[in-house]
Amino acid sequence: MPEGKKKNHLGEYIQNLKESYEILPYDSFASQICGELQARCEKDGTPVPYCNSQIAATAIANNMILITHNIADFAPLVKNSMLKVEDWWV
């Protein structure tokens with residue numbers, strides 16, 4: 001980005017996010033889980049978008065519950081893994 005107010009504002013915003021939240025890595029363990037999830041869902045006849053399986057794999061790899069308002073989008077992943085999801089907006 002060219003130097004200027006917009007670049008500075010965006011940089012400050014990103015730095016604030018980094019300081020406010022723990023950023024979980026998408027590491028080799030999560031990527032292995034992701035591949036297994038993709039294969040299980042495809043075999044089950046319910047393929048899922050790759051980005052959803054990456055999100056699910058990161059949650060599984062870190063022993064976390066996935067919080068989403070799109071429960072249905074993750075249903076095949078829940079069915080084919082130990083993924084736990086919750087919708088806090090209901």
### Side-chain (Gln38) to main-chain (Val48) donor-acceptor, under 3.5 angstrom
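Yes, the answer is positive, given that a donor and an acceptor are paired below the 3.5 Å cut-off.
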
### Task
Could you tell me whether a side-chain N or O of Asn62 sits under 3.5 Å from a main-chain N or O of Thr58, the two making a donor and an acceptor?
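Side chain of Asn62 to backbone of Thr58, a donor-acceptor pair under 3.5 Å: yes, one is there.
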
### Task
Kindly compute the distance separating CD (Glu12) from CG (Leu17), expressed to the nearest 0.5 Å.
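One finds 12.5 Å between CD of Glu12 and CG of Leu17.
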
### Message
So, taking the atom named CD1 in Ile33 and the one named CZ in Arg40, what distance separates them when rounded to the nearest 0.5 Å?
### Response
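Going from CD1 on Ile33 over to CZ on Arg40, the span is 9.0 Å.
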
Residue pair [X] / [Y]: nearest heavy atoms and the distance that separates them:
X	Y	answer
Ser31	Tyr26	CA-OH, 3.3 Å
Pro76	Cys41	O-SG, 3.6 Å
Asn80	Leu37	O-CD2, 4.2 Å

### Query
If Ile, Leu, Val, Met, Phe, Trp and Tyr residues are connected whenever their side-chain heavy atoms lie under 4.5 Å apart, and connections chain through other members, are Val78 and Ile55 in the same group?
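Yes, one cluster joins them.
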
### Query
Is there any side chain to side chain donor-acceptor pair (under 3.5 Å) pair reaching into residues 81-90, and which pairs are they, with sequence neighbours excluded?
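Every pair satisfying side chain to side chain donor-acceptor pair (under 3.5 Å) with a residue in residues 81-90: His69-Asp87, Glu86-Trp88.
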
### Message
Quick one, Leu77 and Asn52 - any side-chain contact, counting heavy atoms below 4.5 Å?
### Response
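Yes, at least one pair of side-chain atoms sits under 4.5 Å.
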
### Message
Counting neighbours of NZ on Lys79 that are heavy atoms of other residues, nucleotides or ligands and sit closer than 6.0 Å, is the number greater than 12?
### Response
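For Lys79, atom NZ is not crowded (no more than 12 foreign heavy atoms under 6.0 Å).
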
### Task
Mark yes when over 12 heavy atoms from residues, nucleotides or ligands other than Met1 sit less than 6.0 Å from its CE; otherwise mark no.
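Enclosed: over 12 neighbouring heavy atoms sit under 6.0 Å from CE of Met1.
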
